[in-house]
Amino acid sequence: MSESQVHGIFEKFMSQESLFQDKKVLQSSYTPEALLHRDEEINQLAKILAPALRMERPSNVFLYGKTGTGKTVTATYTTSEIKKIAEQKNIPIKIIYINCKLSRVADTEYRVIAQLAREFEKEIPATGLPTDEVYKIFFRSVDSKEQLIILILDEIDQLVKKVGDEIMYNLTRININLKQSQLSLIGISNDLVFTDHLDPRVKSSLSEEEVIFPPYNAIQSQDILRRRAGYAFKENVIEAGVIEKCAAYAAREHGDARRALELLRVAGEIAERNGERQVKIDHIDYAEEKIERDRVVDIVKTQPKQQQTTLYSIFSLYNDKNAVIYTGDVYDVYKTHCTKVGLYPLTQRRVSDIIAELDMLGIINAKVVSKGRFGRTREISVAIPQTIKPKIMTILQQSLSLE
DNA sequence: CGAGATTCATGTGAAGTATACCTTTAGGCTTAA
DNA sequence: AAGCCTAAAGGTATACTTCACATGAATCTCGTA
């Protein structure tokens with residue numbers, strides 16, 4: 001491709017009018033000025049957190065609700081309002097937000113605490129320090145001056161499921177030793193029965209207060225989408241029915257507003273890239289596939305080699321008509337792939353764990369079943385649409401430099 | 001025929017190992033008085 | 001003598017291995033109707 005051709009693309013892009021007015025309004029990290037249909041929850045949370053402004057420690061709160069019901073925005077919105085007031089009145093309040101999703105950043109006790117300490121601009125190495133030491137560093141930072149800290153732990157069900165509730169126990173007890181400062185926890189969980197697996201002591205101190213988030217219904221979803229679309233897009237860019245379709249999609253997914261907004265954004269991007277003047281209903285279908293594909297591609301790409309090889313083995317076995325496959329089969333194929341890739345094969349014990357991890361990531365389904373006389377194993381099936389599987393396969397092949 | 005024993009293939013927990021990285025400490029060298 | 005650098009010692013988290021035992025329903029066994 002010559003330079004002038006590239007130039008042409010940029011020229012065309014610049015001359016073409018954007019469909020968006022302000023795209024970041026549709027991004028999931030965006031906290032809107034006003035939240036629709038969450039007044040009740042915001043009020044509850046605000047009442048619980050209000051003592052902070054008098055430098056009294058608010059109760060720990062637990063926010064429950066399915067994905068995309070506004071838990072995270074409600075928490076960030078309410079706390080940022082508190083922060084605003086606190087700044088005006090010179091009240092030392094610090095808000096820390098940590099997402100514990102299995103992101104390799106915060107998926108063990110050590111890494112979460114290290115992440116917390118980093119919020120205070122402390123350098124924490126990836127390994128080498130005792131966990132206790134990192135706790136102390138964090139603790140000293142918190143207690144270094146008089147202040148009130150509100151710690152938001154998003155998706156903590158994932159974390160606790162993986163590494164147990166010790167962190168929670170330690171964090172809930174931290175106030176006992178704090179001299180100058182105080183710390184409140186806001187836990188956010190998608191899993192409604194998550195606290196059942198917690199140590200009763202942790203459970204009682206963690207959920208001193210609870211706020212439940214019901215799903216949005218179709219009309220509420222439409223409201224939210226309309227409002228945001230109004231800010232995000234230019235006028236008359238959205239074809240009639242598009243909003244309704246996105247909302248319907250959200251309703252299908254138990255009122256998941258986050259996905260609905262994402263759908264709208266990606267549909268807009270697709271329309272823009274195709275050089276069209278309007279976002280059409282068709283674009284939503286493309287967007288739906290693209291979102292799923294991007295999600296899976298992202299997960300797969302960031303996995304370590306061993307996990308990728310295991311996944312590749314599962315995928316290549318799964319070719320034949322959705323027959324379920326078993327751990328033993330996967331392991332055999334995995335070993336041959338390892339030699340091809342030049343990877344040292346792990347033991348079956350470890351591969352078994354890796355399969356369980358891949359299940360947690362939602363790329364495959366793995367269920368332990370007893371087949372009676374024929375032993376016990378995991379029934380494994382692929383949990384991504386057939387349409388995007390070939391794409392994932394090629395990504396894995398490239399990453400593993402296989403043919 | 002049916003209750004209880006057996007069996008299979010792997011799940012699962014605990015303990016041990018290798019690796020990469022951390023802090024502390026002791027020794028050796030340099031430097032300034 | 002004080003200060004600084006370096007390398008060894010001792011410690012940790014993480015990913016993995018090794019070992020040993022747990023699982024749980026299909027199948028087998030054997031006593032009984």
Side-chain angles (χ1 to χ4, degrees), chain A residues 98 100-141 158-171 197-199 299-314 317-318 323-339 341-383 399-400:
Chain A
I98 298 251
C100 317
K101 215 186 336 201
L102 310 176
S103 54
R104 308 238 153 234
V105 184
D107 64 350
T108 68
E109 182 179 12
Y110 180 90
R111 298 213 254 248
V112 171
I113 306 302
Q115 196 61 35
L116 286 175
R118 286 191 197 107
E119 291 290 322
F120 289 89
E121 269 116 55
K122 294 279 189 289
E123 294 281 323
I124 307 292
T127 167
L129 286 188
T131 307
D132 282 4
E133 195 57 38
V134 185
Y135 266 110
K136 274 185 205 148
I137 294 172
F138 171 62
F139 183 83
R140 270 199 296 273
S141 311
Q158 302 264 341
L159 178 67
V160 172
K161 232 176 258 167
K162 184 146 189 236
V163 293
D165 51 14
E166 195 148 330
I167 315 165
M168 295 290 97
Y169 183 67
N170 290 329
L171 282 177
H197 312 295
L198 280 177
D199 185 313
I299 295 174
V300 168
K301 269 189 177 164
T302 53
Q303 286 303 302
K305 286 270 184 288
Q306 293 289 359
Q307 274 78 343
Q308 289 184 346
T309 313
T310 312
L311 192 59
Y312 185 72
S313 308
I314 293 169
L317 266 176
Y318 197 65
V324 284
I325 50 180
Y326 304 112
T327 309
D329 308 339
V330 173
Y331 187 64
D332 291 342
V333 178
Y334 160 83
K335 271 193 294 193
T336 65
H337 282 316
C338 274
T339 48
V341 179
L343 218 55
Y344 189 78
L346 303 174
T347 53
Q348 183 158 345
R349 175 74 185 81
R350 179 60 188 147
V351 172
S352 173
D353 280 349
I354 289 177
I355 291 172
E357 283 170 32
L358 291 172
D359 176 45
M360 290 267 279
L361 288 167
I363 300 177
I364 61 171
N365 290 317
K367 199 174 82 193
V368 188
V369 291
S370 177
K371 299 187 66 62
R373 184 66 207 282
F374 307 105
R376 225 162 100 89
T377 183
R378 280 199 173 86
E379 271 183 4
I380 303 162
S381 61
V382 173
S399 168
L400 299 167

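Labels below follow one simple rule: chain letters A, B, ... track the order of the sequence lines, proteins then strands, and each chain is numbered from 1.
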Using atom [atom1] of [X] as one end and atom [atom2] of [N] as the other, report the distance to the nearest whole Å.
X        : N      : atom1 : atom2 : result
A/Ile354 : C/dT17 : CD1   : C1'   : 13 Å
A/Glu379 : C/dA25 : CD    : P     : 13 Å
A/Ile137 : C/dT12 : CD1   : C1'   : 13 Å
A/Lys371 : B/dG11 : NZ    : P     : 13 Å
A/Arg349 : C/dA20 : CZ    : P     : 15 Å
A/Lys367 : B/dT10 : NZ    : P     : 17 Å
A/Asp132 : B/dT23 : CG    : C1'   : 15 Å
A/Ile355 : B/dT12 : CD1   : P     : 11 Å

Under 4.0 angstrom between [X] side-chain N/O and [N] OP1 or OP2:
X        : N      : answer
A/Thr131 : C/dT12 : no
A/Arg378 : B/dT12 : yes
A/Ser370 : C/dA26 : no
A/Ser352 : B/dT10 : no

### Query
For DNA chain B, what residues of residues 122-130 of chain A have any heavy atom nearer than 4.0 Å?
A/Pro125, A/Thr127, A/Gly128, A/Leu129

### Side-chain donor-acceptor pair present, A/Gln306, A/Tyr334, cut-off under 3.5 Å
yes

Which donor-acceptor pairs under 3.5 Å do side chains of residues 345-355 of chain A form with protein atoms, sequence neighbours excluded?
from	atom 1	to	atom 2	distance (Å)
A/Arg349	NH1	A/Asp353	OD1	3.0
A/Arg349	NH1	A/Asp353	OD2	3.1
A/Arg350	NH1	A/Glu357	OE2	3.4
A/Ser352	OG	A/Arg378	NH1	3.0

### Task
Using the test ring pair (Phe, Tyr, Trp, His ring centres under 6.0 Å), find all partners of A/Tyr326 that sit at least two apart in sequence or belong to another chain.
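Residues passing ring pair (Phe, Tyr, Trp, His ring centres under 6.0 Å) with A/Tyr326: none at all.
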
Show me the side-chain donor-acceptor pairs of residues 120-127 of chain A shorter than 3.5 Å, one per line, residues at least two apart or across chains.
none

Identify all pairs in which a protein N or O lies below 3.5 Å from an N or O of nucleotides 5-9 of chain B, and state each distance.
from	atom 1	to	atom 2	distance (Å)
B/dT7	O3'	A/Arg373	NH2	3.3
B/dC8	O4'	A/Arg373	O	2.9
B/dC8	O2	A/Gly372	O	3.4
B/dC8	O2	A/Gly375	N	3.0
B/dA9	N3	A/Arg376	N	3.0

### Summary
side-chain hydrogen bond (donor to acceptor under 3.5 Å, both in side chains) filter on A/Arg373, not counting sequence neighbours, yields none

### Summary
side-chain hydrogen bond (donor to acceptor under 3.5 Å, both in side chains) filter on A/Thr377, not counting sequence neighbours, yields A/Thr327

### Between NZ on residue A/Lys367 and OG on residue A/Ser381, distance to nearest 0.5 Å
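Going from NZ on A/Lys367 over to OG on A/Ser381, the span is 9.0 Å.
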
#### Entry: Shortest side-chain distance from A/Gln306, nucleotide among B/dT12, C/dA15, C/dC16
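The answer is C/dC16, which lies nearest to the side chain.
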
Identify each donor-acceptor pair in which a side-chain atom of residues 128-136 of chain A lies under 3.5 Å from a protein atom, sequence neighbours left out, and give them as a table.
from	atom 1	to	atom 2	distance (Å)
A/Tyr135	OH	A/Glu109	OE2	2.9
A/Tyr135	OH	A/Asn170	ND2	3.0

### Task
Apply salt bridge (Lys or Arg N to Asp or Glu O under 4.0 Å) to A/Lys161 and list each qualifying residue two or more places apart in sequence or on a separate chain.
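If we apply the salt bridge (Lys or Arg N to Asp or Glu O under 4.0 Å) test to A/Lys161, skipping adjacent residues, the hits are A/Asp191.
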
